[in-house]
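The analysis underlying the following values was restricted to heavy atoms, covering all of them including side chains, and did not include hydrogens, waters or symmetry mates.
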Amino acid sequence: MPSPPETGPDTQPSPRAALQAALAWSEYLARRLQAQPGLQDTIEALALAPVDAEVIQQQFQALAATAALATDEGLDPDAARRVLRQLRERIFCTLMVRDIGGMATLEEVTRSMTALAELAVATAYRTTMAELTRVYGTPRDPASGAPQEMIIVGMGKLGGKELNVSSDIDLIMLYGEEGETDGARRLSHHEFYGRLTQRMMPILADNDINGYVFRTDLRLRPDGDGGPLAWSLDALEHYLLRQGREWERYAWLKARALPARAFPDSQLDEQWRQMESLRVPFVYRKYFDFDAIAALRALRERISNDWNRRAHARNGVEAIHNIKLGEGGIREIEFVVQLAQLMRGGRQPTLQERNLLLALQAEQDAGVMPAEEGAQLAQAYRFLRRTEHMLQYRADEQTHLLPAGPERLAQLAHAMGMKEAEFSACLAQHRANVSRIFQDVFHLTGIGRAVAPGSDTGSPEDSPDVQEKLEALARQHFTDLADGLLQRIRAMLGGHRMRSLPSLSRERVERLLPAVLETAARTEAPHDAAVRLLDLIEQISQRSAYLALLAEYPDILTRVARIVGASPWAAQYLTQHPLLLDGLIDWNTLAEPLDVRQLAQQLRSELDACQLPDGSPDVERQMNLMRDTQRQASFQLLTQDLEGTLSVEALADQLSSLADALLEETIHRIWPMVKRNNVLPQPRFAVIAYGKLGGKELGYTSDLDLVFIYEDPDDNAAELYARLGRRMTSWLTTMTSSGRLYDVDLRLRPDGDAGLLAVSYDAFARYQRDHAWLWEHQALTRARFAAGDACLGERFEALRREILLRPRDPLLLAEEVRAMRQRISDGHPNPSMLFDIKHDRGGMVDIEFITQYLVLRHACQHPTLLDNLGNIALLRIAGELGLLPQDLARQAGDAYRIMRRIQHNLRMRGDEKARLPAGQMASERAVAERLWQQVLGPRLAENNHLHH
């Protein structure tokens, strides 16, 4: 047996040496070279360089030029048959030589075979279409009159551009509109495209003296062998909506329209877009589809059980030797990768990859697949696919069986460039890794473990009476409140929403209710948790997938109960956005600190992947994705907030950083839509944050107070950036199916609502220097650059410092601050006998105004006050500088921190206004009052009516 060719970075074998190594393994190659002596020179010449689509096209043109029946209009069907078979022989043999010689990567082999298949299908299509149109005329789109192509869809590995060297090709034939051809002998489009398909197949698949091109399989079409050969897009849409099954989602994941065109003036691109608009929502669901999990789990079990049954019938030989279908084989890798795509791809467009290795990498990048397991799967896939190719090179057969005898196995290992023992050990390790990952795939991909299959199915009559069980649980756990709770359950079950549910969903609700009461009883607020869980279930009852989630995953129901029991606001938030239930699957991830930078990077990748079939951005999907991402990140913070692991200050910092990142991404998305070709690639535009965002004190539902500035000498800059500002505001505030991203307030811009939407930096600077009111400079103390052009942001920060460093008349400043405080109070009357933590005398606004006064009054002597550090830090600095008694500064900072925390807790409790009985915060109010009198003196008479 000859030694394998030495390969490495600096040692590539000669084509002849690689050819000899291939001959030592492949009986098919030996037969072809013996039958065609000239083929060897061709292969050696081709093997000198990588094979790609361009090389294949050149070889096709050379063979077609010598075809006896070639005409100016192209090949006739007989010539096409012969040329394509000769081409396939050359490419197959050349790839074999390069692969066995260690000169070709897996990607070169699979992409070349895919390119060969695309060319072969397109050639068969064109020649058959030309033949049929001469007889029946041209099929045309009834609306446009343009020639109507057939849409040839490549499925499986052909769709993923990862075709085997001896693979079938799975095809589905589609067409646009129904109608008739325009010839003398007219045919309906249905019949025409059926005949076209029927006549194409022998050109590709018949095995004659020259061999075959590709075996073809049409059984993945709707209704399989029982359905028409070609389907209209309307019929396909109807089928997918009414009858499409989970395994078909799995099949359509890789579906790709092949580049086959017969008419230069057809509207094929539009037909492709129509097909994609059907495929994508069928395969990828926006909501985490828990109804599908059972079907996919059954599919996984069927993969295992069917193979074990078949292998057992063959005495277990194939269970060990089949590297595709056996344990730890290629099929299991495909299932693991595609399961994550099916379950998460609707929410994460970067996962919508047809190619397996690219999809696997996308899953690792997105954090869906752990890096170690992802690397193991990728290595195993490469090894198994290359082994598969070696097996198929042997006799040009679509086989996946390892040789049974030791001598043949040693030859296979040699062809792989390995010793037999090394090959066997490597193979065993890869298959063990794959098998382990496959068995734990649902847990590994974050879907978690469910209760035993079927535990929530069946008829209520199969178990003790649900109503009796509910009454017993209510009496046991909720005592005096049991009657009200049972009445609430009866009202829910008797309501229109429940009565209109399909029977299976209603049964699922009824079976879920006892678990709801038992789970709520284990929370710190059992009755509140039970009522809020019932509200949530009633809200999501129309979405059977979420009922399945709560019914099949008891741990998730427990987590939901803890959240809704802890906070009515959180319960309402979850009820309004049930999409967030998905996040509860992986509780550990929710407990991790939010990495806003990583989130922003992943979001940009996901948004880039939101494309229409023509490659343009899918704006609606992008807007929804940004809203969903904001909700998911906020929910992650909310769970940590409720668990007590996140302080109010840290929460506000994170929410503010998240808003900054989303503002930055909004600019990035909108600028290409508004800029002209001759303007800058990046906008000279900055978003200035005021108020809560400016002070990094943002809450879950806070508005964004924004000002847009620009600096661009272009003559049309004012119009351009005003358009950018309008589009940006619309992007943020438009209500989509995923809600609104943020409410935005632009009234703090120069001249308020009467001013320009985006103002030039020079105009903004002039306004601040010459025309701004004192209260606008007061607002400037909490302003900062949030997003956009960093250089312009630096100029704003310099201007802010300049304005705030101005010397000011202390008496006039104090008078203005008092007057503004009075206006704020007048705008927030409090007729109750409760203390309003924010707006009443001694509340948060008092402390905030004092802090702003100190900055405006003393920054000219003490520039350290200019840093936008928040009220507590600025009070501490003022105390250290001697502007306040240090004890009072510390006490005021502590009081403000307590007020913020209580205000936050009250809002989480669902209170619209943060108000308490007057005596509960007496000490904190007293500190705030002392602070006010220390800095601004006694209250003016007109302020004396401030409440409490």
Side-chain angles (χ1 to χ4, degrees), residues 288 347-348 366-368 446 448 519-520 522-525 528-529 532-533 536 549-550 553 555-603 626-662 692-693 695-702 739 741-742 870 872 896-911 914:
F288 213 112
R347 298 268 296 277
Q348 294 176 265
V368 172
T519 305
R522 295 194 294 270
T523 67
E524 294 182 2
D528 290 341
R532 293 166 194 163
L533 278 174
L536 175 64
L549 167 66
L550 296 179
Y553 291 79
D555 287 349
I556 294 178
L557 181 60
T558 300
R559 293 163 190 166
V560 174
R562 283 168 58 187
I563 291 171
V564 301
S567 164
W569 184 88
Q572 182 184 26
Y573 190 67
L574 195 55
T575 302
Q576 289 174 341
H577 308 290
L579 189 77
L580 299 172
L581 289 170
D582 300 353
L584 293 169
I585 298 168
D586 192 351
W587 185 256
N588 292 331
T589 299
L590 285 178
E592 294 174 357
L594 179 65
D595 188 334
V596 174
R597 178 174 296 183
Q598 181 181 8
L599 178 144
Q601 291 173 346
Q602 184 61 31
L603 175 61
M626 285 186 70
R627 284 152 173 76
D628 293 341
T629 300
Q630 193 262 5
R631 304 278 191 277
Q632 290 155 8
S634 298
F635 187 61
Q636 182 175 344
L637 296 172
L638 174 61
T639 56
Q640 296 172 28
D641 183 8
L642 295 175
E643 291 288 314
T645 60
L646 203 62
S647 69
V648 174
E649 291 84 358
L651 170 66
D653 280 346
Q654 290 280 59
L655 288 171
S656 300
S657 297
L658 175 63
D660 289 353
L662 294 173
K692 289 186 177 180
L693 180 58
K696 294 190 175 181
E697 295 180 349
L698 209 63
Y700 292 116
T701 59
S702 298
L741 190 55
Y742 290 105
I872 296 172
Y896 187 75
R897 181 181 292 108
I898 292 169
M899 289 178 184
R900 279 190 67 188
R901 185 170 66 246
I902 292 176
Q903 179 196 45
H904 177 72
N905 292 340
L906 289 173
R907 287 180 175 166
M908 293 297 291
R909 199 177 73 183
D911 293 2

Point-to-point distance, once rounded to the nearest 0.5 Å, from [atom1] of [X] to [atom2] of [Y]:
X	Y	atom1	atom2	answer
Ser567	Met908	OG	CE	3.5 Å
Asn905	Arg909	CG	CZ	9.0 Å
Phe635	Leu590	CZ	CG	6.0 Å
Leu581	Thr575	CG	OG1	8.5 Å
Gln903	Arg907	CD	CZ	4.0 Å
Lys692	Leu655	NZ	CG	11.0 Å

For [X] against [Y], the heavy-atom pair lying closest together:
X	Y	answer
Ala661	Ala600	CB-CB, 4.2 Å
Asp641	His904	OD2-NE2, 2.6 Å
Ser634	Leu658	OG-CD2, 4.0 Å
Leu584	Arg559	O-NH1, 2.5 Å
Leu662	Gln630	CD1-CG, 3.5 Å
Gly699	Ser702	N-OG, 2.8 Å

Treating [X] as the side-chain partner and [Y] as the backbone partner, does any N or O pair qualify as donor plus acceptor under 3.5 Å?
X	Y	value
Thr519	Thr558	no
Glu524	Ala566	no
Gln654	Leu594	yes
Arg532	Ala571	no

Candidate pair Asp660 and Val596, rule side chain to side chain contact (heavy atoms under 4.5 Å, CB included), full reasoning: CA-CA 10 Å; Asp660 289 353; Val596 174; over 6 Å; no

field: Audit row: Val368, Gln348, side chain to side chain contact (heavy atoms under 4.5 Å, CB included) steps and yes/no
entry: CA-CA 10 Å; Val368 172; Gln348 294 176 265; 3.7 Å; yes

task: Determine, stepwise, if the pair Gln640 / Leu651 fulfils side chain to side chain contact (heavy atoms under 4.5 Å, CB included).
output: CA-CA 9 Å; Gln640 296 172 28; Leu651 170 66; over 6 Å; no

- request: Specify whether Trp569 and Tyr573 have parallel, tilted or perpendicular ring planes, treating 30° as the upper limit for parallel and 60° as the lower limit for perpendicular.
  value: parallel

query: Heavy-atom distance under 4.5 Å between the side chains of Thr639 and Arg562, does that happen here?
result: no

